[in-house]
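Values reported hereafter were calculated over all heavy atoms of this structure, with side chains retained and with hydrogens, waters and symmetry mates removed. Quick note on labels: first sequence line is chain A, next is B, and so on, each numbered from 1. What you see is a predicted model, and the numbers here were worked out from it, not measured in a lab.
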Number of protein chains: 2
Amino acid sequence: MTKSPVIDPRRTLTLRDVSEASGVSEMTVSRVLRNRGDVSDATRERVLEAARTLGYVPNKIAGALASQRVNLVGVVIPSLSNMVFPEVMTGISETLEDTGLQPVVGVTHYSPEREESVIYEMLSWRPSGMIVAGLEHTDAARAMLAQAGIPIVEVMDIDGAAVDSAVGISHYRAGRQMADAILAAGYRRIAFLGTMMPNDHRARKRLQGFEEVLSRTGLALADREFYSGGSALLKGREMTAAVLNRSPDVDFLYYSNDMIGAGGLLHCLDRGIDVPGKVGLAGFNGVELLDGLPRKLATMDACRLEIGRRAAEIIAAKHPDGIIGGEVIELFPTLQPGDTIRRG
Amino acid sequence: MTKSPVIDPRRTLTLRDVSEASGVSEMTVSRVLRNRGDVSDATRERVLEAARTLGYVPNKIAGALASQRVNLVGVVIPSLSNMVFPEVMTGISETLEDTGLQPVVGVTHYSPEREESVIYEMLSWRPSGMIVAGLEHTDAARAMLAQAGIPIVEVMDIDGAAVDSAVGISHYRAGRQMADAILAAGYRRIAFLGTMMPNDHRARKRLQGFEEVLSRTGLALADREFYSGGSALLKGREMTAAVLNRSPDVDFLYYSNDMIGAGGLLHCLDRGIDVPGKVGLAGFNGVELLDGLPRKLATMDACRLEIGRRAAEIIAAKHPDGIIGGEVIELFPTLQPGDTIRRG
DNA sequence: ACGATGGCTGTTAGCGGTAACATAGGCGAT
DNA sequence: ATCGCCTATGTTACCGCTAACAGCCATCGT
């Protein structure tokens with residue numbers, strides 16, 4: 001607006017302002033503020049002093065455009081409201097901390113279309129890398145990621161084809177493993193309780209692995225119950241009540257996540273049901289919340305922190321020039337039997 | 001690197017590529033992609049087709065620099081791992097959704113220094129607005145925010161001086177209100193259990209209000225216990241056990257958040273303590289987790305969703321030219337007595 | 001027929017930095 | 001003194017896009 005030479009006191013400052021205030025060229029100021037190249041101590045002091053008193057904040061937009069370098073890493077996750085993704089974020093942040101890279105979060109609410117648009121939006125800021133939850137994306141999203149020319153890490157899941165790198169666990173195998181443990185403990189009439197969401201591919205894969213093991217033993221799920229939305233703990237209670245009413249003879253409840261599992265556990269204890277004698281329970285995730293429950297729910301930890309760390313390491317690794325990528329890192333969750341499965 | 005005229009197939013695309021592929025000027029392409037200005041339908045189609053087949057993703061860095069407009073809103077919060085801030089985020093996202101603005105999250109881990117650096121980092125991207133949790137900041141951070149020339153909204157708390165606008169509740173008053181309710185129910189030997197963190201100013205203010213009411217009635221806290229880190233639910237149990245051992249005659253436990261309150265409640269129920277007859281309990285926040293507990297913990301909701309919404313509305317409101325700002329919106333939490341305070 | 005009008009497209013000049021190169025001294029070795 | 005070389009600083013040319021303005025052409029009223 002103001003093209004007049006009159007100095008607008010509310011105009012935001014530029015390098016030129018600092019340069020004039022300290023009597024050196026803009027380039028020198030730039031060098032001081034980025035700690036790059038040789039600058040004499042006297043000059044450095046003068047510049048820093050000027051920048052400080054003016055309250056100069058550099059414009060990274062201009063800097064990024066000129067240098068073709070952006071210190072941002074896009075992180076695309078389905079949700080922030082269940083404990084799992086925040087913990088992945090923690091792992092990412094920790095690891096990125098001393099690399100100068102900064103995570104930027106986008107949330108998709110489990111919608112593929114939203115995911116596509118979030119990815120598009122993020123790529124338009126030309127980040128140095130992208131971390132995306134899951135392997136399932138729209139074709140357009142996959143194409144954009146593949147073309148972006150930056151490291152891409154798909155996290156949480158490794159059952160499928162990755163665009164570039166991947167870090168996660170096999171949910172399919174996790175489901176099988178839990179089924180094995182449950183069968184080994186002698187349970188036979190097993191019910192599944194989980195989310196309705198058709199786009200929660202990881203829960204789907206766990207269930208698939210789980211059912212495969214059952215059917216190979218000549219069994220099938222005795223009952224199943226789905227939910228969506230609401231307080232997971234409360235939903236867990238309600239679903240459990242529904243299942244136990246409908247199928248009084250079930251002897252095991254397999255939940256797609258720990259939160260509803262915890263609700264189910266509380267319900268069983270309320271009803272005075274013998275856990276794990278009459279009914280066993282298991283969840284998934286290994287959330288620390290469980291530590292405070294009256295009885296420890298059987299679960300499998302999803303290696304969330306570790307996944308975040310490893311993903312960030314891949315992004316931060318300066319694959320100098322030749323972008324290598326294409327790593328797939330499988331982590332192995334451990335079964336935590338807790339107190340809700342009969343001990344062999 | 002490649003200054004040669006040879007086309008690098010991995011070079012990222014620019015407007016020029018789309019312009020050449022569709023036979024119109026860059027400017028026209030830009031207009032099509034932004035839906036701005038008049039473009040004939042035929043041209044529009046041709047451009048969109050070209051952009052789609054090439055897989056062009058605009059460079060917002062260049063766009064932002066040229067237009068001096070950035071569709072980002074910085075959101076600075078202490079943590080993602082307790083349910084409260086994600087819910088504020090939800091309110092913000094919802095409201096920003098149809099404004100073209102996009103939230104960018106930064107996490108401070110309750111450290112003022114980290115907060116300062118996160119704010120600096122964010123301002124250097126020249127966002128359209130900033131939403132920052134709390135009113136307590138370093139002098140430098142406050143100065144940067146004040147000088148930024150964009151709307152600033154400080155959220156959660158209104159007990160103090162705002163840089164620009166503020167949306168939140170009075171935690172001081174919330175503490176007083178809870179104390180009134182507890183005293184009214186006849187409890188007299190009251191203990192406080194809360195976080196150690198010196199930078200959780202809101203918990204501090206609640207406690208301050210709480211103690212003021214007690215002391216005005218000639219009472220003082222019968223005991224107090226602090227924690228930091230770890231599973232809040234478990235910590236709640238442990239702290240509660242410690243307090244009940246040390247001070248067997250307390251008749252009320254006031255927790256600084258619902259999560260430890262829930263742990264405390266579970267502990268009391270385990271021990272078969274008469275709640276709320278012998279011992280009453282109350283927390284703070286109104287997290288939906290509580291709905292699934294065996295007994296509903298008394299709490300006060302912190303209006304988190306609403307705070308997020310109102311803050312985003314202030315940012316999104318196109319205060320055309322004349323930046324008005326300076327609004328302070330106080331919300332009023334409601335006391336939810338639940339089942340853990342004796343009913344008068 | 002003619003300027004006025006309006007729809008559509010192109011041209012020019014930056015936005016605020018940084019890479020790359022150029023330059024001015026100062027100093028020791030020859 | 002001459003040269004080379006290093007240190008400290010300045011100059012120039014963009015990065016990829018958009019605001020602002022300048023054309024051009026068909027249509028329209030008179």
Side-chain angles (χ1 to χ4, degrees), chain A residues 1-3 8 11-48 50-51 54 56-71 100 123-127 148-149, chain B residues 1-5 8 11-47 50-51 54 56-71 100 123-128 148-149:
Chain A
M1 296 303 113
T2 53
K3 281 195 181 162
D8 176 356
R11 178 180 51 95
T12 72
L13 298 155
T14 73
L15 266 193
R16 152 157 262 105
D17 295 297
V18 183
S19 126
E20 282 168 0
S22 55
V24 298
S25 72
E26 302 176 32
M27 193 63 225
T28 300
V29 176
S30 169
R31 279 196 269 256
V32 170
L33 296 179
R34 284 177 303 146
N35 261 320
R36 199 138 313 178
D38 300 311
V39 180
S40 74
D41 290 347
T43 308
R44 158 168 290 110
E45 263 322 306
R46 218 138 37 86
V47 169
L48 287 177
L54 288 176
Y56 173 70
V57 177
N59 185 332
K60 287 219 177 182
I61 296 175
L65 183 61
S67 67
Q68 305 280 49
R69 230 175 281 125
V70 179
N71 72 334
L123 286 178
S124 75
W125 286 100
R126 301 287 185 267
Chain B
M1 296 297 119
T2 54
K3 280 194 180 163
S4 68
D8 177 354
R11 177 181 52 94
T12 72
L13 299 153
T14 72
L15 266 193
R16 154 156 262 107
D17 295 296
V18 183
S19 124
E20 282 169 1
S22 56
V24 299
S25 72
E26 302 176 31
M27 195 60 226
T28 301
V29 176
S30 168
R31 280 196 269 252
V32 170
L33 296 178
R34 286 178 299 146
N35 262 321
R36 200 139 311 179
D38 300 313
V39 181
S40 75
D41 289 347
T43 308
R44 158 169 291 110
E45 262 322 305
R46 218 142 34 90
V47 169
L54 288 176
Y56 173 70
V57 177
N59 185 330
K60 286 219 179 183
I61 296 176
L65 183 60
S67 67
Q68 305 280 47
R69 230 175 281 125
V70 179
N71 72 332
L123 286 178
S124 75
W125 286 99
R126 302 289 186 266
S128 294

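Judged purely by atom type and a 3.5 angstrom limit, Ser30(B) has no side-chain atom pairing as donor or acceptor with the backbone of Glu26(B). Under a 3.5 Å cut-off, the side chain of Arg31(A) and the backbone N or O of Gly37(A) do not form any donor-acceptor pair.
Per the geometry, CD belonging to Glu20(A) stands 14 Å off C1' belonging to dG16(C), to the nearest Å. Distance Met27(A) CE to dA22(C) P: 15 Å, rounded to the nearest Å. dG16(C) atom C1' lies 13 Å from atom CH2 of Trp125(B), rounded to whole Å. Rounded to an integer number of Å, the gap from Arg44(A) CZ to dT7(D) C1' is 13 Å.
For the pair Arg44(B) and Asn35(B), the minimum side-chain heavy-atom distance is below 4.5 Å.
Contact annotation: Arg69(A) side-chain N/O to dA19(C) OP1/OP2 distance is under 4.0 Å. Distances shorter than 4.0 Å separate some side-chain N or O of Ser40(B) from OP1 or OP2 on dT9(C). The side chain of Ser25(A) contributes no N or O atom lying less than 4.0 Å from OP1 or OP2 of dT11(D).
Taking CG from Leu54(A) and CG from Asp17(A), the interatomic distance works out to 6.5 Å, rounded to the nearest 0.5 Å.
The nearest pair of heavy atoms linking Leu123(B) to Ala148(B) is CD2-CB, 3.8 Å. Summarising the geometry of Val57(B) relative to Arg126(A), their closest heavy-atom pair is O-NH2, 2.6 Å, with the distance given to 0.1 Å.
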Please tabulate the protein-to-nucleotide N/O contacts below 3.5 Å involving nucleotides 13-17 of chain D, giving atom names and distances.
from: dC15(D); atom 1: O3'; to: Gln68(A); atom 2: NE2; distance (Å): 2.9
from: dC15(D); atom 1: O2; to: Leu65(A); atom 2: O; distance (Å): 3.3
from: dC15(D); atom 1: O2; to: Ala66(A); atom 2: N; distance (Å): 3.2
from: dG16(D); atom 1: OP1; to: Gln68(A); atom 2: NE2; distance (Å): 3.2
from: dG16(D); atom 1: N2; to: Ala62(B); atom 2: O; distance (Å): 3.2
from: dC17(D); atom 1: OP1; to: Tyr56(B); atom 2: OH; distance (Å): 2.3
from: dC17(D); atom 1: OP1; to: Asn59(B); atom 2: N; distance (Å): 3.4
from: dC17(D); atom 1: OP2; to: Leu15(B); atom 2: N; distance (Å): 2.5

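Within the nucleic acid shown, Arg31(A) comes within 4.0 Å of at least one base atom, counting heavy atoms only.
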